[in-house]
Amino acid sequence: MELVTQNQCFGGTQSVYRHMSDVCGVEMTFGLYMPPQARTRSVPLLWYLSGLTCTHENAMIKAGLQRHAAQHGLGLVFPDTSPRGEGVADDEAYDLGQGAGFYVNATQKPWARHYRMYDYIVTELPVLLQDQLPINGVNGITGHSMGGHGALTIAFRNPGMYRSVSAFAPIVNPTRSDWGRKQFSAYLGDDEAHWGNYDACLLLSEHGWQGDILIDQGAADQFLEQLQPEAMARLLAERRQPGVLRMQAGYDHSYFFVASFGEDHVRWHAERLNAA
């Protein structure tokens, strides 16, 4: 981990690091907030996965989560959304390629060489952080839009790794959405049998989740047709899965929405991550 920048923030430190990723085959950058409590003890870690077109910086700067994390003694990690750089495959469209990794392990050319964001988030980056930081191995995960999709699918597939999961305006049923079918076809191929491991609704239907789930969705979100919150609402009810999906009147898809409910989510995670 090479330190790029570090700033004092609500008594803790907001840093940016870069490192060579063996999984993605390129240098990766991520943001990391460590609360003041980390000076004297190890702390839980809340992962925040960002959405389409974002880098590690968007939520780090716009979501305002550090204030709440400092209050509750949580670390925050803000990974990038894809591999980047010379030689990394890209596309002219904003929703494919760099900035749009969709938290999958690509199997198709030209994406398979670098686009292994699932393994990066689940295997490589956690080991790197655990080895070098005062964190206690207790993790929660959240995210926005594409990152909400990533948070839900990663948690549902790895229940032993995460004690809590929430999401802001997630893509919950990508196998039935234009945001998902396009990317899965490119990254995973046309055989839809290989897509199910990256669809939150399909995973929850098959495996369930051991705890409760918190999802916030703006009722004025301009991308509701892509996000399909009603599919998740139906599934929560059908499975009698503990959880709540809140439709927030007047809110859109922006970081103003995320910042408005960020305190709720950090507190919600803290109650579960700091539990004895």
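Everything quoted here is computed from the prediction, not taken from an experiment. In this chain, numbering begins with 1 at the start of the sequence shown.
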Heavy-atom side-chain proximity of Met117 to Pro83 below 4.5 angstrom: yes

Shortest non-hydrogen separation from Val172 to Pro174 and the atoms involved: C-CD, 3.4 Å

Pairs where residues 72-86 contributes a residue and the test salt bridge (Lys or Arg N to Asp or Glu O under 4.0 Å) is met, not counting sequence neighbours: Asp80-Arg84

Validation row: Ile215, Met232 side chains within 4.5 angstrom (heavy atoms): yes

Hydrophobic cluster membership, Ile171 vs Phe168, 4.5 Å side-chain cutoff: no

Student check: side-chain heavy atoms of Leu214 and Val244 closer than 4.5 Å: yes

Closest non-hydrogen atom pair, Ala249 against Ala219: CA-CB, 4.0 Å

Residue pairs involving residues 88-107 (criterion ring-ring contact (aromatic ring centres under 6.0 Å, His included); sequence neighbours excluded): Phe102-His149

Side chain Gln226, main chain Ser177, donor-acceptor under 3.5 Å: no

Ile141 versus Ala155, closest heavy-atom pair with distance: CG2-CB, 3.9 Å

Test item: Gln183 and Val104 side chains (from C-beta on) under 4.5 Å apart, heavy atoms: no

Residues which pass side chain to side chain contact (heavy atoms under 4.5 Å, CB included) with Ser260, listed by chain and number, not counting sequence neighbours: Tyr251

Over 12 foreign heavy atoms within 6.0 Å of CZ, Arg67: no

Which residues share a side chain to side chain contact (heavy atoms under 4.5 Å, CB included) with Pro159, sequence neighbours left out: Trp209, Gln210

Listed once per pair and sorted, the salt bridge (Lys or Arg N to Asp or Glu O under 4.0 Å) pairs that draw on residues 230-241, sequence neighbours left out: none

same_hphob_cluster(Leu32, Ile61) at 4.5 Å side-chain heavy-atom cutoff: no

Heavy-atom donor-acceptor pair, Tyr187 side chain to Gly97 backbone, under 3.5 Å: yes

Side-chain heavy-atom pair Ile213, Leu152 within 4.5 angstrom cut-off: yes

Could you give the side-chain donor-acceptor pairs of residues 40-54 under 3.5 Å, partners two or more places apart or in another chain?
{"from": "Thr40", "atom 1": "OG1", "to": "Gln37", "atom 2": "O", "distance (Å)": "3.3"}
{"from": "Trp47", "atom 1": "NE1", "to": "Asn139", "atom 2": "OD1", "distance (Å)": "2.9"}
{"from": "Tyr48", "atom 1": "OH", "to": "Tyr255", "atom 2": "OH", "distance (Å)": "3.3"}

Residue pairs fulfilling side chain to side chain donor-acceptor pair (under 3.5 Å) with at least one residue in residues 261-272, sequence neighbours excluded: Ser164-His269, Ser166-His265, Ser166-His269, Asp212-Arg272, Asp216-His265, Arg246-Asp264, Asp264-Arg267

Phe223: ring-ring contact (aromatic ring centres under 6.0 Å, His included) partners, not counting sequence neighbours: Trp179, His253

Donor-acceptor pair, side chain of Gln217 and main chain of Gln248, under 3.5 angstrom: no

Could you pull out every donor-acceptor pair under 3.5 Å between side chains of residues 127-135 and any protein atom, sequence neighbours left out?
{"from": "Gln130", "atom 1": "NE2", "to": "Ile135", "atom 2": "O", "distance (Å)": "3.0"}

Within residues 4-13 or reaching into it, pairs that qualify as side chain to side chain donor-acceptor pair (under 3.5 Å) - sequence neighbours excluded: Gln6-Ser15

Ile154 with Leu203, same ILVMFWY side-chain cluster at under 4.5 Å: yes

No-hydrogen, no-angle side-chain donor-acceptor test under 3.5 Å, Ser82 and Gln98: no

Separation between CZ of Phe10 and CG of Leu65, rounded to the nearest 0.5 Å: 10.5 Å

Contacts of type side chain to side chain contact (heavy atoms under 4.5 Å, CB included), residue Asp22, not counting sequence neighbours: Glu124

Under the side chain to side chain contact (heavy atoms under 4.5 Å, CB included) test, residues paired with Glu27 that sit two or more places apart: Arg18

Exam field: side chain Gln241 to backbone Gly211, donor-acceptor pair closer than 3.5 Å: yes

Flag side-chain contact, heavy atom, 4.5 Å: Leu236 against Leu204: yes

Glu225 CD: over 12 foreign heavy atoms closer than 6.0 Å: no

Heavy-atom check, side chain of Val77 versus side chain of Tyr17, under 4.5 Å: no

Contact summary for Leu74 and Tyr33, nearest pair of heavy atoms: O-CD2, 4.2 Å

Donor-acceptor contact below 3.5 Å, side chain Asn173 vs main chain Ala231: no

Close aromatic pair by centroid cut-off 6.0 Å: Tyr120 and His19: yes

Short side-chain to backbone donor-acceptor contact, Gln228 and Arg176, under 3.5 Å: yes

